[in-house]
There are 2 protein chains.
Amino acid sequence: MKFDDKIPIYYQIKTHLYHEMLTGKLKPGEKLPAVRQLAVDLTVNVNTVQRALTEMMTEKAIISQRGKGNFVTADQAQLAKLKEQLVMAQLAQVYEQLHGLNLTDTEIIASLQRYIEKREAQPDVKSIND
Amino acid sequence: MKFDDKIPIYYQIKTHLYHEMLTGKLKPGEKLPAVRQLAVDLTVNVNTVQRALTEMMTEKAIISQRGKGNFVTADQAQLAKLKEQLVMAQLAQVYEQLHGLNLTDTEIIASLQRYIEKREAQPDVKSIND
DNA sequence: CCTAGTGTTCTATTTAACTATTACACTATA
DNA sequence: TATAGTGTAATAGTTAAATAGAACACTAGG
């Protein structure tokens with residue numbers, strides 16, 4: 001996996017795992033790969049994986065069982081809540097940034113639509129993500 | 001100034017200065033505060049400021065003149081270009097994140113509108129930024 | 001020419017993230 | 001009860017960001 005060197009790896013691992021959970025690649029109650037396996041898959045150290053997982057336990061996203069494994073919470077309401085939080089945090093970030101650049105609400109929405117249109121015109125990028 | 005400990009300070013300083021330039025607090029051709037003064041204002045080390053500025057020179061956002069000071073580029077087209085790049089980079093980031101969470105284009109725009117509406121309903125936050 | 005104000009560079013140190021390695025604790029099962 | 005698979009923790013070493021402090025290079029003005 002490729003990491004952004006501007007953000008701590010353990011934090012990017014959290015984000016990665018949240019994506020897997022929230023897109024259904026990892027289902028509610030499902031067992032995650034073993035920490036050592038995750039470390040291999042992500043080409044990082046076990047401790048770095050562990051740090052990410054420890055925070056996710058605190059956030060009630062996963063439940064850890066010593067000797068058994070780490071499991072995605074089976075609480076669907078909790079998952080939905082986490083997803084909402086993630087989406088809102090993302091939106092807040094851009095919104096505040098663009099608002100700080102003196103763009104009005106209307107302009108912000110318009111520029112997002114403009115971005116999406118532009119993006120549609122680039123089959124290369126689009127095909128990767130669709 | 002308060003920094004996000006997830007992102008290098010020098011990088012946040014760049015972002016900060018770009019905001020000042022692109023919102024007109026620092027006008028085209030205008031002289032920036034001296035590096036030592038900026039370090040005091042931002043409560044960071046001179047070297048950290050310098051690192052941010054060095055990158056901004058590479059990006060043709062500012063022009064440095066030894067013995068005189070650092071100046072915002074007077075090239076308005078260049079500034080407009082930088083602003084567009086900044087806005088698009090921001091939008092790309094959220095879009096890809098949300099799209100990665102399986103939100104459709106329509107849902108992404110809708111959730112942004114929802115965020116803005118929610119935000120309007122919170123006079124505390126709003127008053128700070130308007 | 002001197003001095004104050006500026007950008008630039010360098011060395012040394014500290015701190016946090018990350019890595020490598022090992023050990024310990026618990027579970028299931030043969 | 002032994003063993004393999006799992007999570008957890010601790011130690012030590014590496015690296016990059018940031019700091020502190022000093023020095024160097026250039027400009028403007030008295």
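Letters A, B, ... mirror the listed sequences (proteins, then strands); counts begin at 1.
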Fill in: Any side-chain heavy-atom pair of I9(A) and L42(A) under 4.5 Å
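They are not in side-chain contact.
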Fill in: Residues clustered with V40(A), ILVMFWY side-chain links under 4.5 angstrom
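Cluster partners of V40(A): none, it stands alone.
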Worksheet item: With a 4.0 Å cut-off, would you call E107(A) and R114(A) a salt bridge?
Response: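 Result for this pair is no, no salt bridge flagged.
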Practice prompt. Using a cut-off of strictly less than 4.0 Å between a heavy atom of the residue and any atom of DNA chain D, enumerate the qualifying residues of residues 57-68 of chain B by number.
Written response: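 Close to the strand are R66(B), G67(B), K68(B).
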Worksheet item: Crowded around F3(A) CZ? As in, over 12 foreign heavy atoms under 6.0 Å?
Response: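 More than 12 heavy atoms, drawn from other residues, nucleotides or ligands, come within 6.0 Å of this atom.
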Worksheet item: In terms of heavy-atom contacts, does NZ of K6(B) have more than 12 from other residues, nucleotides or ligands at under 6.0 Å?
Response: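 Correct, the count exceeds 12.
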Worksheet item: Please give, in whole Å, the distance from dT6(D) C1' to Q37(A) CD?
Response: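 Between C1' of dT6(D) and CD of Q37(A): 12 Å.
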Item to complete: Would you kindly give the CD-to-C1' distance between Q50(B) and dA22(D), to the nearest whole Å?
Response: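 The answer, rounded to whole Å, is 15 Å.
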Discussion item. Distance under 4.0 Å to a non-hydrogen atom of chain A counts as contact; along DNA chain C, which nucleotides mark the start and end?
Written reply: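 The footprint of chain A covers dA17(C) to dA28(C).
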Worksheet item: Backbone N or O of T73(A) within a donor-acceptor pair of the Q78(A) side chain at under 3.5 Å?
Response: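 Such a contact is absent between Q78(A) side chain and T73(A) backbone.
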Discussion item. Return the OH to CD distance between Y11(A) and E55(A), rounded to the nearest 0.5 Å.
Written reply: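 Nearest 0.5 Å value for the OH-CD distance: 8.0 Å.
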Item to complete: Go through the steps for E20(A) and K14(A) under the test salt bridge (Lys or Arg N to Asp or Glu O under 4.0 Å), then give the verdict.
Response: CA-CA 10 Å; E20(A) 304 246 298; K14(A) 270 181 66 177; over 6 Å; no
Fill in: Within residues 23-40 of chain A or reaching into it, pairs that qualify as side chain to side chain donor-acceptor pair (under 3.5 Å) - sequence neighbours excluded
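For residues 23-40 of chain A: Q37(A)-D41(A).
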Discussion item. Can you list everything that forms a ring-ring contact (aromatic ring centres under 6.0 Å, His included) with Y115(A)? Sequence neighbours excluded, please.
Written reply: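 So Y115(A) forms a ring-ring contact (aromatic ring centres under 6.0 Å, His included) with Y95(B).
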Output a table of nitrogen or oxygen pairs between the protein and nucleotides 18-21 of chain D separated by less than 3.5 Å.
| unit_1 | atom_1 | unit_2 | atom_2 | d |
| --- | --- | --- | --- | --- |
| dA18(D) | OP1 | I9(B) | N | 2.0 |
| dT19(D) | OP2 | N45(B) | N | 3.1 |
| dT19(D) | OP2 | T48(B) | OG1 | 2.5 |
| dA20(D) | N7 | N45(B) | ND2 | 3.2 |
| dA20(D) | N6 | N47(B) | ND2 | 2.9 |
| dG21(D) | O6 | N47(B) | ND2 | 3.2 |

